[in-house]
Amino acid sequence: MTSSYRINYQLRAHKRDPLIEFIKGLLLTPFILHAKPRKPVLNSPHVGGHESINTILATGTGTSNVNHDDGNDYQEEEKPMVDANLQRYLEIMKSVEVMIEEHRRKAVKGVPEHSRLHRIVPSVATFFTPLPLEAAFLVANAKHSIAARRFVPPSFNDIRRILNTAQVMAIAPTLSLITFDGDMTLYDDGTSFTENSPLIPLLITLMRAGLRVAIVTAAGYPGDASKYEERLMGLLRVFDQQKLSEKLLERFYVLGGECNYLFRCGWKKSDVTGESVVGLTYIHPESYQPSDMLAWKHEEIQELLDVAEENLKRSVSAMNLKAMILRKSRAVGIVPIGGAKIAREQLDECVLSTQQRLLEYQQMSGPSKTAIPFCVFNGGNDVFVDIGNKLIGVQVLQTYLGAAPEATVHVGDQFLSTGNDFATRSSCCTLWIISPEETENVLKELTPLLTIPAEDA
């Protein structure tokens with residue numbers, strides 16, 4: 001099955017976001033009560049009760065007195081209905097907007113659990129900025145005709161896109177760091193950046209506007225810039241062709257292995273030709289990792305991965321999966337062999353059972369060992385356990401680059417419970433997309449709101 005199908009499957013009801021479901025439920029009420037299909041107004045006397053059923057049957061069709069000259073069989077109430085629906089939807093979005101702002105005020109006081117929104121949606125995350133949902137709904141309605149729809153109510157994807165637009169509006173004036181997932185965010189699953197990607201000019205615009213741009217990916221190649229350069233070849237080649245300055249290139253970073261391997265973009269001498277080319281340079285951990293990360297012991301990391309590997313092997317055997325174990329220095333996972341496709345339910349079983357096993361292992365280890373953070377996630381056709389996670393990755397970049405949570409946004413497609421973008425919600429603003437095309441759309445909303453200094457234009 002395609003990656004698009006995978007993502008859309010993940011958005012079904014049993015795995016949806018509680019806040020989005022709450023807003024969807026609120027919008028469903030006016031849709032059911034007011035956005036009714038148009039009523040037929042048949043110009044027949046018997047519609048008003050003037051003829052009985054017996055009379056109709058006796059005369060054949062009961063249409064002998066119908067005026068066939070009037071072809072308008074429906075009430076013309078379209079525009080008033082649309083305007084009324086729009087007003088009701090806007091009132092709801094404004095109410096949610098107010099609830100979010102109240103939740104933010106309670107969070108500042110240290111009691112977010114006292115907010116009305118928290119009482120209704122206990123799992124609600126932190127909001128680092130206000131969210132202008134009313135204005136964002138107007139933008140979405142202009143694109144997708146939400147208020148004019150009579151048969152299809154506001155959907156999960158409608159609300160997800162509205163939240164994205166609201167977040168873009170709110171963060172644009174203060175944004176300083178934007179991070180991206182790789183697969184299904186910047187390029188299709190398992191592919192690489194191509195030179196003709198429509199995202200490249202948009203990323204360059206972000207850099208010209210003074211933003212730090214970083215790709216935070218699970219792909220882990222310890223200290224090996226060439227592997228990441230291969231995945232980003234099209235992007236780096238365009239940087240080279242446009243002769244971007246070192247000042248601009250230094251605003252682009254790649255953080256691999258969730259949080260373990262940091263690279264900075266810039267001009268460097270090619271190992272093949274000896275010419276100056278755009279590439280990535282490895283930054284040593286001591287330069288950016290906090291002391292608690294540097295304290296992770298190699299032996300304890302390997303012990304954790306040993307436990308994960310043992311559980312993954314057990315899962316492969318128990319479910320007869322056509323998969324092999326792939327072990328790296330800070331990761332272990334299962335990948336299909338022989339072009340096999342693994343059902344997502346089987347992948348989720350591997351994820352959840354391994355999470356449980358690792359948590360049990362850490363609880364049994366006692367205080368003598370460091371509880372090393374880890375991430376277990378379903379990659380679509382594989383499962384991996386990584387040391388660290390993207391929450392730590394984003395926090396590391398924020399500290400290294402001097403970006404506050406309210407000035408940082410992470411763009412990704414894996415914001416479900418088994419995804420590795422989910423954790424970033426605790427450290428920054430987020431944009432939940434499901435394809436590179438949606439990433440392009442949100443960046444087209446964002447870039448006009450940015451100011452580009454004259455020297456970088």
Side-chain angles (χ1 to χ4, degrees), residues 10-33 85-141 146-147 153-175 390-391 394-395 404-412 414-417 419 421-434 442 445:
Q10 298 275 3
L11 297 180
R12 289 181 182 175
H14 65 291
K15 278 190 163 185
R16 290 179 180 170
D17 181 272
L19 176 63
I20 294 180
E21 288 300 311
F22 168 62
I23 299 174
K24 178 183 171 184
L26 294 178
L27 295 175
L28 191 59
T29 300
F31 176 83
I32 292 174
L33 294 179
N85 285 348
L86 178 59
Q87 186 59 40
R88 295 183 186 103
Y89 288 150
L90 290 177
E91 289 174 356
I92 290 173
M93 300 308 286
K94 185 62 179 179
S95 296
V96 177
E97 187 178 322
V98 170
M99 292 173 69
I100 289 174
E101 194 57 26
E102 187 239 1
H103 180 77
R104 295 182 69 241
R105 291 196 302 270
K106 297 290 186 182
V108 170
K109 296 178 180 179
V111 286
E113 66 277 7
H114 292 177
S115 75
R116 185 183 179 201
L117 182 61
H118 184 274
R119 290 195 294 270
I120 298 172
V121 187
S123 62
V124 67
T126 302
F127 297 95
F128 294 100
T129 69
L131 289 181
L133 295 176
E134 184 180 26
F137 187 92
L138 288 171
V139 173
N141 187 63
I146 300 173
S155 69
F156 178 87
N157 283 331
D158 283 327
I159 299 164
R160 178 179 56 78
R161 288 189 291 258
I162 290 168
L163 288 169
N164 286 345
T165 299
Q167 187 61 82
V168 166
M169 291 177 171
I171 202 171
T174 58
L175 182 61
K390 288 189 179 179
L391 167 62
V394 170
Q395 289 175 335
E406 62 272 15
T408 306
V409 66
H410 178 71
V411 186
Q414 294 284 349
F415 283 102
L416 297 163
S417 60
D421 292 311
F422 182 81
T424 63
R425 287 181 167 179
S426 299
S427 61
C428 66
C429 305
T430 58
L431 300 177
W432 184 354
I433 54 83
I434 62 171
V442 297
E445 290 181 354

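- The nearest pair of heavy atoms linking Pro18 to Val121 is CB-CG1, 3.8 Å.
- For the pair Ile20/Trp432, a side-chain contact is recorded, criterion being any heavy-atom separation below 4.5 Å from C-beta on.
- Closest non-hydrogen pair, Phe22 versus Leu117, comes out as CE2-CD1, 4.0 Å.
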Could you go step by step and tell me if Leu391 and Gln395 meet the side-chain contact (heavy atoms from CB on, under 4.5 Å) rule? CA-CA 6 Å; Leu391 167 62; Gln395 289 175 335; 3.5 Å; yes
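- The main-chain N or O of Leu133 is found under 3.5 Å from a side-chain atom of Glu97 such that the two form a donor-acceptor pair.
- In this structure, Asn164 contributes its side chain and Arg161 its backbone to no donor-acceptor pair below 3.5 Å.
- Annotation for Gly412 and Asp421: closest pair CA-OD2, 3.6 Å, computed over non-hydrogen atoms.
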Stepwise side chain to side chain donor-acceptor pair (under 3.5 Å) check, Gln167 with Thr129: CA-CA 8 Å; Gln167 187 61 82; Thr129 69; 2.9 Å; yes
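- Nearest heavy atoms, Phe128 versus Arg425: CE1-O, 3.6 Å.
- Checked by atom type and distance alone, the side chain of Arg119 pairs as donor or acceptor with a backbone atom of His114 at under 3.5 Å.
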Go through it in stages, so that I can follow the logic: the residues are Arg104 and Glu101, the test is salt bridge (Lys or Arg N to Asp or Glu O under 4.0 Å), and I'd like the CA-CA distance, side-chain angles, deciding distance and then a yes or no. CA-CA 5 Å; Arg104 295 182 69 241; Glu101 194 57 26; 3.1 Å; yes
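- Of all heavy-atom pairs between Ser427 and Pro405, the closest is O-CB, 3.3 Å.
- Among the candidates Thr165, Leu163, Ile162, Val96, the single residue satisfying the side chain to side chain contact (heavy atoms under 4.5 Å, CB included) test with Leu131 is Leu163.
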Would you sort out whether Glu406 and Thr174 count as a side chain to side chain donor-acceptor pair (under 3.5 Å), showing the intermediate values? CA-CA 8 Å; Glu406 62 272 15; Thr174 58; over 6 Å; no
Hey, mind stepping through Leu27 and Asp158 against side-chain contact (heavy atoms from CB on, under 4.5 Å) and telling me if it holds? CA-CA 11 Å; Leu27 295 175; Asp158 283 327; over 6 Å; no
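- The shortest non-hydrogen separation linking His118 to Ser115 is N-OG, 3.0 Å.
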Would you check, one step at a time, whether the test salt bridge (Lys or Arg N to Asp or Glu O under 4.0 Å) holds for Arg88 with Glu91? CA-CA 5 Å; Arg88 295 183 186 103; Glu91 289 174 356; over 6 Å; no
